Amino acid sequence: MKKQARAYRMAIDGITCVHCEATVERALRAEGARGVRADWRRGEVTFTVSDGIDSSALQRAVRAAGYTPGQVTEVREPGPAPVVFSATEVDADLVIIGGGSAAFSAAITATELGARVIMIEEGTIGGTCVNVGCVPSKFLLRAAEVYHEAGHHGYAGVQTVELGVEFDRLVAQKRELSGELRREKYEELIEYYGWELIRGRARFIGPDAVAVGDRVVRARAFLIATGARPTVPAIPGLEEAGYLTSTSAMELDRRPSLLGVIGAGYVALELGQVFRSLGSEVTLLQRRPRLLPDYEPEVAEAMGAALGRLGTTVLTGSRVLRIERTRQGRRLVVLRNGREETLEVEQVLVATGRRPNTEALDLERAGVAVDERGVPVLDEALRTTNPRIWAAGDVTLAPQFVYVAAYQGRLAARNAVLGLEEPADLSAVPEVIFTDPQVAAVGLTRAEAGRQGYRVESAFLPARAIARARVDLAPEGGVVMVTDGESGRILGVQAVGRHAGEMIYAATLAVKHRLTAGDLVESFAPYLTMAEGLRLAALAFERDVAKLSCCA
């Protein structure tokens, strides 16, 4: 019989940084504590232990690590009581519906807290990211970049040529890589951590039970992590003409000669660039009047110029009225600038957003409310309107990134298992569009900061002021930094340029930990990296960076 797991909090003096946090966490884990999370700002650490463990041993471990432990108190947060793992009237402490990133993150967290976990998945283990999202799309993007650079790299005296693409072999290699990562990062972990996997479709039959075929599974808590799928707009003739989604487009065995893309978000831009760089003629159709309308103007303009140089056609302010099947492919009838135009293509890719996978769950029988899109209604702690049921990942339509899904999965599992009410914090979520040039962003734009009442100041650093961009022969784009004019605190960063995605993690730390532009100016930035652009952008508030020597 498993012992009861309880959550505790220990006050600590002397922790002043993230290194201190890691040191304290290691010391407590070595003494048997689980789910350890230190917070130097609050001067405390939270953890779980089973009955019978002497808290004085944990205090001695903290003292031996060089810090002063305070009193250990049991966490008594509002909400349901922590799960008692010795109960026998249920099949599991936590049932997770889904088998993607949020689900696995939650399962790992819950099992490490001592919970009995059952996972239910009707499809392919691994979810969107490894199977039909991040991994395959970035593989194809890199392959497309290599091919395109062979004929367009710009370095004098270096002679290369684009010889051609065997698209079916490239797609086969992509499938092989996805399969390897699915086994290593998902399938093999089930046995390692020891939770039960049930294959099949789950549907709620009450507030505390689901059915999978003929089997009924009861649990103390449930997590909905069923993901999302591409949205298909109601365009007359689309179904009859046939279309591609992000999933099916990456499974083609032959690239289309003419590709029309409905949408101009990150999926449209990335897959559009894959096919354009590999030789397809690509046209992007966007309803809104400006490319990347939610980004800073400098970023959108630089990306538009880059698409133009690549030969991608972008038709903003365009609404597809209907689609017809032709002998050569498809004909799109488009309303643009008040006039009807036609566009002849071989294939149509629909990239207009995603919708949650909730229809088959019978959520109403569980007392779980959904909004008009089918998204479960959640509180800040990711709990649904049924206090026993949480939701995490793409099904919540939070930012559709695997790291957000994993974060929500961990958080929901801790809240469900320990009876906590810890709120989700998505105030510093980085995002990257993996085109060439890349677009990366974190935090607030100028407009968002203004709406929140900040006295906004901003600086734009052209990419040509970054030595790495010049060496890469990619001086287009730049970095926008937004700060609070009163405190100097960095509120947001956006960048467009080669390797912009590699710099945005440092910007994320700056936003999350409330650093100022002055903090970046006074820090070391390695020369000939794109990340140096952050320090230079901070300098640009007060100096003309073009009039400085290297690293000044």
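All residue numbers refer to positions in the sequence shown, counting from 1. Small disclaimer: the values here were computed from a predicted structure and weren't measured.
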- Indicate whether any N or O donor in one side chain lies under 3.5 Å from an N or O acceptor in the other, for Tyr186 and Ser101. yes
Counting distance only, does the side-chain N/O of [X] pair as donor-acceptor with the main-chain N or O of [Y] below 3.5 Å?
X      : Y      : result
Thr384 : Val377 : no
Thr508 : Ile504 : yes
Glu122 : Arg201 : no

Electrostatic pair [X]:[Y] at N-O distance under 4.0 angstrom:
X      : Y      : answer
Glu422 : Arg37  : yes
Glu359 : Arg229 : yes
Arg489 : Asp484 : no

- Message: Using side-chain contact (heavy atoms from CB on, under 4.5 Å), reason through Trp390 and Phe222 one step at a time and then give a plain yes or no.
- Response: CA-CA 6 Å; Trp390 284 256; Phe222 294 83; over 6 Å; no
- Take atom CZ of Arg287 as the centre, draw a 6.0 Å sphere, and report whether it contains more than 12 heavy atoms from other residues, nucleotides or ligands. no
- Task: Determine, step by step, whether Tyr454 and Glu448 satisfy the side chain to side chain donor-acceptor pair (under 3.5 Å) criterion, reporting the C-alpha distance in whole Å, the side-chain angles of both residues, the deciding distance to 0.1 Å, and the verdict.
- Result: CA-CA 9 Å; Tyr454 290 101; Glu448 290 168 338; over 6 Å; no
- Task: May I have the step-by-step check of side-chain contact (heavy atoms from CB on, under 4.5 Å) for Asp425 and Tyr407, ending in yes or no?
- Result: CA-CA 10 Å; Asp425 180 7; Tyr407 162 76; 4.0 Å; yes
- Could you give the distance from CD1 (Ile96) to CD1 (Ile120), rounded to the nearest 0.5 Å? 10.0 Å
- Item | Nearest-0.5 Å distance, OG1 of residue Thr23 to CD1 of residue Ile15 | 10.0 Å
- Message: Glu251: which residues meet the side-chain hydrogen bond (donor to acceptor under 3.5 Å, both in side chains) condition with it, sequence neighbours left out?
- Response: Lys174, Arg175
- Query: Which residues satisfy the side-chain hydrogen bond (donor to acceptor under 3.5 Å, both in side chains) test with Arg451, sequence neighbours excluded?
  - Reply: none
- Message: Holding to side chain to side chain contact (heavy atoms under 4.5 Å, CB included), I want the full list of residues that pass it with Ala300, two or more places apart in sequence or in another chain.
- Response: Arg290, Leu292
- Tell me, please, which residues at least two apart from Glu191 pass side chain to side chain contact (heavy atoms under 4.5 Å, CB included). none
Could you list the donor-acceptor pairs under 3.5 angstrom formed by side chains in residues 362-374, with sequence neighbours left out?
{"residue": "Asp371", "atom": "OD1", "partner": "Arg373", "partner atom": "N", "Å": "2.9"}
{"residue": "Asp371", "atom": "OD1", "partner": "Gly374", "partner atom": "N", "Å": "3.2"}
{"residue": "Asp371", "atom": "OD1", "partner": "Val375", "partner atom": "N", "Å": "3.0"}
{"residue": "Asp371", "atom": "OD2", "partner": "Arg373", "partner atom": "NE", "Å": "3.2"}
{"residue": "Asp371", "atom": "OD2", "partner": "Arg373", "partner atom": "NH2", "Å": "2.8"}

Donor-acceptor pairs under 3.5 angstrom involving side-chain atoms of residues 202-217: please list them, not counting sequence neighbours.
{"residue": "Asp208", "atom": "OD1", "partner": "Arg218", "partner atom": "NH1", "Å": "3.4"}
{"residue": "Arg215", "atom": "NH1", "partner": "Glu196", "partner atom": "OE2", "Å": "2.9"}
{"residue": "Arg215", "atom": "NH2", "partner": "Glu196", "partner atom": "OE2", "Å": "3.3"}

